[in-house]
Amino acid sequence: MKNIIFFIVMSVIGLSCNSGKKISVSSSENRFYHIIPKPVSIIDLKGYFEVNKFTNFAYKEENTEVATFMELLNTKFSFPLKGIIVKESPEENAINFAIDSTINKEEGYILEVTNSFINIRAKTYSGIFYGVQTLMQILEFDTRDNKIPALIITDFPRFKYRGLHLDVCRHFFPPEFVKKYIDLMSRYKFNRFHWHLTEDQGWRIEIKKYPKLTEIGAYRDSTMIGRYSDVPRRFDKTRYGGYYTQEEIKDIVRYAAKKHITIVPEIEMPGHSRAALAAYPELACTEGPFSVMPIWGVSEDIYCPTEKTFKFLEDVLSEVMELFPGEYIHIGGDEAPKARWKESKYCQELIKKEGLKDEHELQSYFIRRIEKFVNSKGKKIIGWDEILEGGLAPNATVMSWRGEKGGIEAAKQHHEVVMTPGNYCYFDHYQSLDKDEPLAIGGYTPLEEVYSYNPVPKELTKEEAKYIIGAQGNMWTEYIPTPELVEYMVYPRAIALSEVVWTPQKLRNYKDFLKRLIPHIEELKKEGVNVANHLGDISAKFENTGDGVKMTLWNSMPGSIIYYTLDGKIPDNTFPVYSEPGIIRKSVKIKAVTYYKGKQAGPVFSREIKMHKAAGKFMKLINEPSPKYNKGGANALINGIMGSDVRYADDQWLGFNGKDFEGIIDLGAKMHINRIKMRFFNNKGAWIYPPGEIEIYASDDGYSFTIAGALIIKSKNTSKVMSVPVRLLKNTNARFLKIKVKNHGIIEEGAQGAGHPAWLFVDEIIVE
Ligand code: ACM
């Protein structure tokens, strides 16, 4: 039996260097397993292994590190199994753990369940740990009456860096919660915990040489309430803070190691350093004093690149490197405004002295010096993608967060990359469009979007793709004050990401994932994890067909039914069933709801389509919107659906940063047009401004246009959405309309975002 299994595994997967001849295995039944992340290969065998009172754990004397494995597995049995040391492995009627040097994947494992034994073999203890995690899930979800289905699983990760991040600075989370966070990560085979420890709003790690970092830097006098973009801003005027002692950190590092998770500590520089400057103002370019920031966003005050600062940072990093045994130190590098460096005589002289071009190269000089120091201690730096600006430090790994562009560029320069683009990996974004969702920073990144992510961009060659070492989900906590809310935002999206970073791309399928996910959500809930469940939320796609709007509805709940109405009535399970996409040609009020096992399972979905002369037709843009705010594409501007009145990051609004809007509508046939009504988002706190001017041109052929209407906008309107009508010249008959809208331009002094280009948000263009 043992030999047959050995052959099957080796030949099917090639996990080991050995190559045997192919043996086909006929499966006794087609079983469905709920394992997440989905393993590389599962082969069903006949029968099962039954755990009884005489079943033991078994391992050889030299394989000493098995205590944790036994502890974990025993949580799944109603009676504890004992460990025995054996000379020969696998032992009958036992769950065997064995280090097997013929397996060549560092974190891979083989889990065999036969009628007479269970054997988990791996090259490393991490591999065995992952085999144990898989067995734990089989025991939880796919085992009945202590009968574990016989099978062979051969498994290994797609990426070596599988990360989750936690910002403990904007809000502080106690050590017990950090451990729980790590514990949950380990179940889904994550192996890097990125611990964001320093910020403008708080310094959270004890540094013995600089006690004021925590005495002063760990506490702020007040915290903002509501949104960053609210005008005016409001504050709670309550002291807030906390930090981890070095003893607590050591304890957490040990805890994580037991879960085969390496911690990547982040010490931000040169920006996001206001809490440190509050403690040691002499590290800034100007005099201070500085406060630990009570508002979210980015401080203009950053470290000055003086010898004093480098000495300070080297001292801090020395203590940090003592505490964290992992290979990486994250040095931040993101969002460092250069205003202070521009105004500083010292910085300008340093730029000259070092032959640097500008402040970006000065940041690069800063990071290179730090890298040299970190490398001299045998460690590597990792930084946010801004560290590309002004030139990458020679050995730096890049964390690509502003989309994938930085990651692509770094991989092309043969630097290692961890992908963490906002659209897929930021778990502080909304996961549902339901109006009752807790306040979040913005964005919309539902479970399906996370699952759809492939960390290897198409732009890379096979050779360059090797530099993508993995991906990470980020949990920024400006709007997340409690552990419960962290869990709500991270789970189940992290579970989707676990499969992104572990499972081969070709084995991934969202529907199959959802079928496996449901019992995980139930189990996590039972264990007291505040996991979100938006599987019954209805998603919709609206596509212009030239003569109408095609509507597609779906949810993430296999086996459920969607009921809908088009007249605004709230449907229940006596209303029409949605079965396939349909084309809408008149104004409708859509309502839809999911039912699962006869019960409503999710909020009521609502959308209104108001038909007008351009609705359902085609639109072409001359200037592209920002990729971040282009969910619906150009045709969303003329689909009869108005962008949300409260949220600009939906599937209707298109956002243009500093750019004018220019596009052409094809009405399909020549027709008479009276006026155009355009909607603009208006939220100055979020740097979104109404435009200065609109011009409309008409054409019969789409090439030669003549002016048909124009409007200069002077309104001091403060409502969130402005609706602006433009009456066209009498007798405007045309098939094509060109629309130009002037961006507000640079934001004026004194306003939030002063000096930055304004955003222009458009939806919808109503043609009457
Ligand atoms: C970041 O989100 N500022 C890295």
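Every number for a ligand or one of its atoms is a count from 1 in the order of the listing. Treat the numbers as computed from the prediction; the structure is a model and nothing was measured.
With 3.5 Å as the limit, one finds no donor-acceptor pair spanning the side chains of D428 and N474. Looking only at atom types and distance, the side chain of Q472 has no donor-acceptor partner in the side chain of R192 under 3.5 Å away. In summary, the side chains of Q246 and E319 do present a donor paired with an acceptor at a separation below 3.5 Å, with no hydrogens or angles considered.
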- request: Tell me, with the steps shown, if K179 and D183 meet salt bridge (Lys or Arg N to Asp or Glu O under 4.0 Å).
  value: CA-CA 6 Å; K179 285 186 180 173; D183 196 35; over 6 Å; no
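Protein residues lining ligand 1, listed by chain and number: D334, E335, W384, W401, Y426, W476 [non-hydrogen atoms, distance under 4.0 Å].
Within the structure, every pair that satisfies the salt bridge (Lys or Arg N to Asp or Glu O under 4.0 Å) test and touches residues 646-656, not counting sequence neighbours, is listed here: R607-D651.
When each of F427, F193, W195, W476 is paired with H165, the ring-ring contact (aromatic ring centres under 6.0 Å, His included) condition holds for W476 and for no other.
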